[in-house]
Every structure is written in C-alpha cells, then in structure tokens.
Amino acid sequence: MAELGLNEHHQNEVINYMRFARSRRGLRLKTVDSCFQDLKESRLVEETFTADEVSEVLRGLQAVVHSEVESELINSTHTNVLLLRQLFTQAEKWYLKLQTDICELENRELLEQVAEFEKAEFTSSNRKPVVNNVKPKLAPLNEGGTAELLNKEILRLQDENEKLKSRLKTLEIQATATLQEKSKLENALHSLQLEHGNQKDFTKAQDLSDLENTVAALKSEFQKTLNDKTKNQKSLEESLATAKHDLLRVQEQLSMAEKELEKKFQQTAAYRNMKEMLTKKNDQIKDLRKRLAKYEPED
C-alpha cells in the first residue's frame, strides 16, 4: 500500500480530506452530466440541425459547463485556504512560522505518489473506513519537538514553583503559630520566675529546663524549615533560568534554519528564472521610457 511518509494520525487526516474532496468531485461531475442530459432533453428534439443551430447549442453548453467548472475550482481553492488556515492558526499558538513550497505542488513524482495512495485507499475492498468522531486539534509542527519539550519543562517548573509557594505559605503560618507559642511560653517562664523568686526547687528547675529545651527545639526546627525553603527556591530559579536559556537557543536555531531555507530557495531554478524575468522586464521598461522620452515635447 502506498504511503505518504506521515504518522498514522496525520495519514488518517489526509484520508478524511481526500474522502471529502472525492465527494465534492463526484457531485460536480454529476452536475456536468446533468447539463448534457438537460441539453439532450430540451434541445435535441429534432432530427436535423443546421450548422448555426449546432454552434448555438454548443455555445450554450460550453457556457454552462464553463460556469460549473469555474465554480468548483473557486470553491476548491477557498476550501484549501480554510484548511491551511486551521494549520497556521494552531502553529501560531506555539509561536511557530510554517512555510510552504509552492514548487512542490507541481512535482509529478509526488503527485503520482498521492494518486497511488488514493487508489490504494479507496479501491481496496478490505479497506476499513476511517472513523474520526472526535476531532482533536492538530499538534504544531517543529524541529524535532525541542521547543515543545522546553515549554513543557517550563510549565512543569512553574507548577512546582506554585506548589512550593503554597507549602511556604503553610510553613509561614506554622512558624507564626510556633512563635506565638514560644512567646506564651517565655511569658509563662518569666511569670514563674517572678512568682518563685530565688527558690531552688529542683523539680521546678527541671520543668523550666525542659521548657527551655522545647523552645530551643522548636526554634531549630523552624530555622531548618526556612533553610530548606531557601534552597528549594534557589534550585527552582536556576532550573527556570536554564530552561529559558535553552528555549532562547532553540529559537535562535529555528531562526537560523529559516534563513538557511530562504537562502536555499533563492538558489532554486524557479527563483533564478523569476529573477531573470524581472530583470528583463525592468530592462524593457527602461528601454520604453527612453523611446518615449524622444517623443515628449521640449519645455
């Protein structure tokens, strides 16, 4: 079976479009056939016709068929423009610039390959119809998917940053509660010291020591939490900076690739021929202006 060098999803999309085009072509051919049938039924009722009558009949038929074919060609062009618009719109959402090679549209080898593909797809008795109830939007095209991967990594890092911010906010609330508890304990300790004065009760002194140890442990835990948050924030910022640098580098590579493609196009035979034609036209225009200048009246 002929292939177009596309993945399964894109090949199915091509088949759906070809099915649409075949349907439109079939309807238009039926319309042209009906033009001839109407002519037979309405005009060809006599046994003999003069040359002028035959010419008139053919002119009328030509006008009708010309109108039908022109209408179909215009509609086909507009349909293709809408198809290109869908692709370009999806590409612009990813800040991509797609390019088309008009010269490839007249490549006989590729056209024959498409014809073989259509024949293989629509004449095989075992071919199952392509069912596409869900119509997902096409993914943008890019150079190897590098830009898309970088964008996904940036989105992932941003999501992780939001989670860290949420966790930091929770830790700040816990730290505030811990500081308030610490303040209450210090006030209680101070009140207890004032109440008992210089008494040397071992049990009470032990309780005060335990209380101080608890406060110190809470303070140490809070400091550790703040340090961990600072390290995570710094690591996240470095990852974001690296991802942005990679994205800028890939964008620069894409720009260089676009310039290289434009340079290659300028080296094609079609471009050189067009440039040569424009040069000849400019020379002809200059020559005509010189000739006209000879006939202009002098001031």
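Nothing here was measured: the structure is a model prediction, and the numbers come from that model.
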Heavy-atom check, side chain of [X] versus side chain of [Y], under 4.5 Å:
X: Arg28; Y: Arg25; value: no
X: Glu70; Y: His66; value: yes
X: Leu168; Y: Thr170; value: no
X: Leu171; Y: Phe222; value: no
X: Arg156; Y: Glu160; value: yes
X: His10; Y: Asn7; value: yes
X: Thr178; Y: Lys219; value: no
X: Glu72; Y: Leu27; value: no

*Answer yes or no: is there a donor N or O on one side and an acceptor on the other, between the side chain of Ser220 and the main chain of Ala216, under 3.5 Å?*
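Between the backbone of Ala216 and the side chain of Ser220 there is no qualifying donor-acceptor contact (under 3.5 Å).
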
*For the side chain of Ser71 and the backbone of Ser67, is there at least one donor-acceptor N/O pair under 3.5 Å apart?*
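Not confirmed, Ser71 side chain does not pair with Ser67 backbone.
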
For residues [X] and [Y]: do they belong to one hydrophobic cluster (side chain heavy atoms under 4.5 Å, members Ile, Leu, Val, Met, Phe, Trp, Tyr)?
X: Leu61; Y: Val32; result: yes
X: Leu83; Y: Phe20; result: yes
X: Val69; Y: Phe36; result: yes

Does the distance from a Lys or Arg side-chain N to an Asp or Glu carboxylate O, for [X] and [Y], drop under 4.0 Å?
X: Glu118; Y: Arg22; result: yes
X: Glu112; Y: Arg108; result: no
X: Asp228; Y: Lys224; result: no
X: Lys280; Y: Glu276; result: yes

*Tyr17 side chain to Asn80 side chain, donor-acceptor N/O pair below 3.5 angstrom*: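 Yes, a side-chain donor-acceptor pair sits under 3.5 Å.
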
*What do the steps show when you test Lys231 against Lys234 for side chain to side chain contact (heavy atoms under 4.5 Å, CB included), and what is the final call?*
CA-CA 5 Å; Lys231 291 180 180 179; Lys234 184 178 179 180; 5.8 Å; no

Heavy atoms from other residues, nucleotides or ligands near [atom1] of [X] exceed 12 (cutoff 6.0 Å):
X: Arg167; atom1: CZ; result: no
X: Glu8; atom1: CD; result: no
X: Gln253; atom1: CD; result: yes

*Carefully, step by step, assess Lys30 and Asp33 under the rule salt bridge (charged side-chain N to carboxylate O under 4.0 Å, His left out).*
CA-CA 5 Å; Lys30 290 181 179 179; Asp33 291 340; over 6 Å; no

Quick check for you: to the nearest 0.5 Å, what is the distance between [X] atom [atom1] and [Y] atom [atom2]?
X: Leu84; Y: Thr89; atom1: CG; atom2: OG1; answer: 10.5 Å
X: Leu226; Y: Glu221; atom1: CG; atom2: CD; answer: 11.0 Å
X: Leu29; Y: Ser34; atom1: CG; atom2: OG; answer: 10.5 Å
X: Leu254; Y: Lys259; atom1: CG; atom2: NZ; answer: 12.5 Å
X: Lys163; Y: Lys165; atom1: NZ; atom2: NZ; answer: 14.5 Å
X: Ile154; Y: Asp159; atom1: CD1; atom2: CG; answer: 13.5 Å

For [X] against [Y], the heavy-atom pair lying closest together:
X: Leu189; Y: Leu211; answer: CB-CD2, 4.4 Å
X: Leu236; Y: Leu157; answer: CD1-O, 3.5 Å
X: Ile15; Y: Phe117; answer: CG1-CZ, 3.7 Å
X: Cys35; Y: Val64; answer: SG-CG1, 3.2 Å

*asked:* Run Thr79 and Asn75 through side chain to side chain contact (heavy atoms under 4.5 Å, CB included) and show every step you take.
replied: CA-CA 6 Å; Thr79 302; Asn75 182 72; 3.8 Å; yes

*Cation-pi check, Arg19 to Phe122: give yes when NZ or CZ is under 6.0 Å from the six-membered ring centre and within 45° of the ring axis, no otherwise.*
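No, a cation-pi geometry is absent between Arg19 and Phe122.
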
*Walk me through it: do Leu218 and Lys182 pass the test side chain to side chain contact (heavy atoms under 4.5 Å, CB included)?*
CA-CA 8 Å; Leu218 290 172; Lys182 176 185 175 182; 6.0 Å; no

*Residues forming a side-chain contact (heavy atoms from CB on, under 4.5 Å) with Glu181, sequence neighbours excluded*: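 Applying side-chain contact (heavy atoms from CB on, under 4.5 Å) to Glu181 gives Lys184, Leu185.
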
*Step by step, work out the side chain to side chain contact (heavy atoms under 4.5 Å, CB included) result for Leu278 and Lys281.*
CA-CA 5 Å; Leu278 290 176; Lys281 290 296 182 180; 5.5 Å; no

